[in-house]
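Below is one structure, written out as structure tokens, with a few remarks after it.
Everything quoted here is computed from the prediction, not taken from an experiment. Sequence lines set the chain letters: A, B, ... in the order given, protein chains first and strands last, and positions in each chain run from 1.
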2 protein chains.
Amino acid sequence: MKVTFTLSRRNPAEPKLPKNYRLIYDIVEQSGLGRHLTPAQIYTKALKRRPGIGFSTVYRGLERLRDLGLVSELHVPGAEAATYEPIGPKHAHFRCRDCGAIEDVPYAVPSRTLKALAAEHGFTIDSERVTFEGRCADCAVT
Amino acid sequence: MKVTFTLSRRNPAEPKLPKNYRLIYDIVEQSGLGRHLTPAQIYTKALKRRPGIGFSTVYRGLERLRDLGLVSELHVPGAEAATYEPIGPKHAHFRCRDCGAIEDVPYAVPSRTLKALAAEHGFTIDSERVTFEGRCADCAVT
DNA sequence: GAAACGCGTGAAAGTGACTTTCACTCTCAG
DNA sequence: CTGAGAGTGAAAGTCACTTTCACGCGTTTC
């Protein structure tokens, strides 16, 4: 799945993404949907492809990519670090309280509901985050 | 482990909960529904009522109260620290990306949906967290 | 009562995820 | 070629939170 060139095709006039940032983008993208990488994991993978790359570069890259809307940042309560995933269809997350595994869950708050809430409270809603917690199939057995 | 605390609000005259934990509970409780206090804020309030109380005691107390299900812990992406609120009806949270204010929002994932998701994926769901992000009424004007 | 026990306590040090700083390097328009 | 600005890596800093530990207070057990 070569999405990598859509980036430049989408807006060729846009300033080129620095190659390290591009590398980080590729790593997250290639992790695939449903995978959730921590900055440390991304750094490890990046090191193999570009020895000498710094930790701070990875953080900076993730920050930039997040701001550009190219990757999605995810904070899950109970998880020690943030995780990053490719942009995909809206979904919720499930975290197992025992093993800490994070799974994608196909759920989104109905847009009708969002509109109603926004109208009622007088705010605008840009994004939503839904996280479930419980015990995953594997841990439930024990 | 014997649970010696009966913390029913109907009988506050029987505080078997260590007094510092009770103090912390009272502070969160008195903050009222819809308020969200950080440990630092709670510590400040606690200091006024019981000079000399330690930071660690506040953290320990919150941890205990959370485990006992007496207060609710809330991690909001973008907010630097966790916040605590009294136990109340299930609701979602809204955070303004500009001023950082956190508001309660009356929304909960339908229990029918929860059951369906749990059955489909083979996990059990103990809790859910829904957070919206956007611009609040005040900040939208500017 | 007195001794024994255990939970609660506060200060301080530790941890770990991120962030900032800074001197250096690379890139590229002019 | 050249200079300005963006990017970079190492290291130090920040900050929320956790752990440790010696002490103390209250309760239990003679």
Scoring nucleotides 13-25 of chain C by protein non-hydrogen atoms under 4.0 Å (B base, S sugar-phosphate only, - none) yields ----SBBBB----
- Taking Gln41(A) for the side chain and Thr38(A) for the main chain, is one N or O donor matched with an acceptor at less than 3.5 Å? yes
Q. Are Arg95(B) and Glu103(B) within salt-bridge range, i.e. N to O under 4.0 Å?
A. no
Requested in this report: Return no unless some side-chain N or O of Asn20(B) is found under 4.0 Å from OP1 or OP2 of dT9(C).
Outcome: yes
Lys19(A) atom NZ is separated from dG7(D) atom C1', nearest whole Å, by 10 Å
By side chain to side chain donor-acceptor pair (under 3.5 Å), His36(B) pairs with (sequence neighbours left out) Glu85(B), His93(B), Asp104(B)
Atom CG of Leu47(B) and atom C1' of dA11(C) are separated, to the nearest Å, by 13 Å
Residues passing the side-chain contact (heavy atoms from CB on, under 4.5 Å) test with Tyr59(B), sequence neighbours excluded, are Pro39(B), Phe55(B)
- Item | Sugar-phosphate only, base, or nothing, as touched by Arg64(A) at under 4.0 Å among non-hydrogen atoms | sugar-phosphate
Note: Pro110(A) and Tyr107(B) closest approach over all heavy atoms is CD-OH, 3.9 Å
Taking OP1 and OP2 of dG9(D), is either one under 4.0 Å from a side-chain nitrogen or oxygen of Thr57(A)? yes
Whole-Å distance, Arg50(B) CZ to dG8(C) P, equals 14 Å
Here the distance between atom C1' of dA11(C) and atom CD1 of Ile53(B), to the nearest Å, is 14 Å
Tyr43(B) OH to dA16(D) P, in whole Å, measures 14 Å
Rounded to whole Å, OH of Tyr21(A) lies from C1' of dA6(D) at a distance of 9 Å
**Item:** Any Leu65(B) side-chain heavy atom under 4.5 Å of Leu17(B) side chain
**Value:** yes
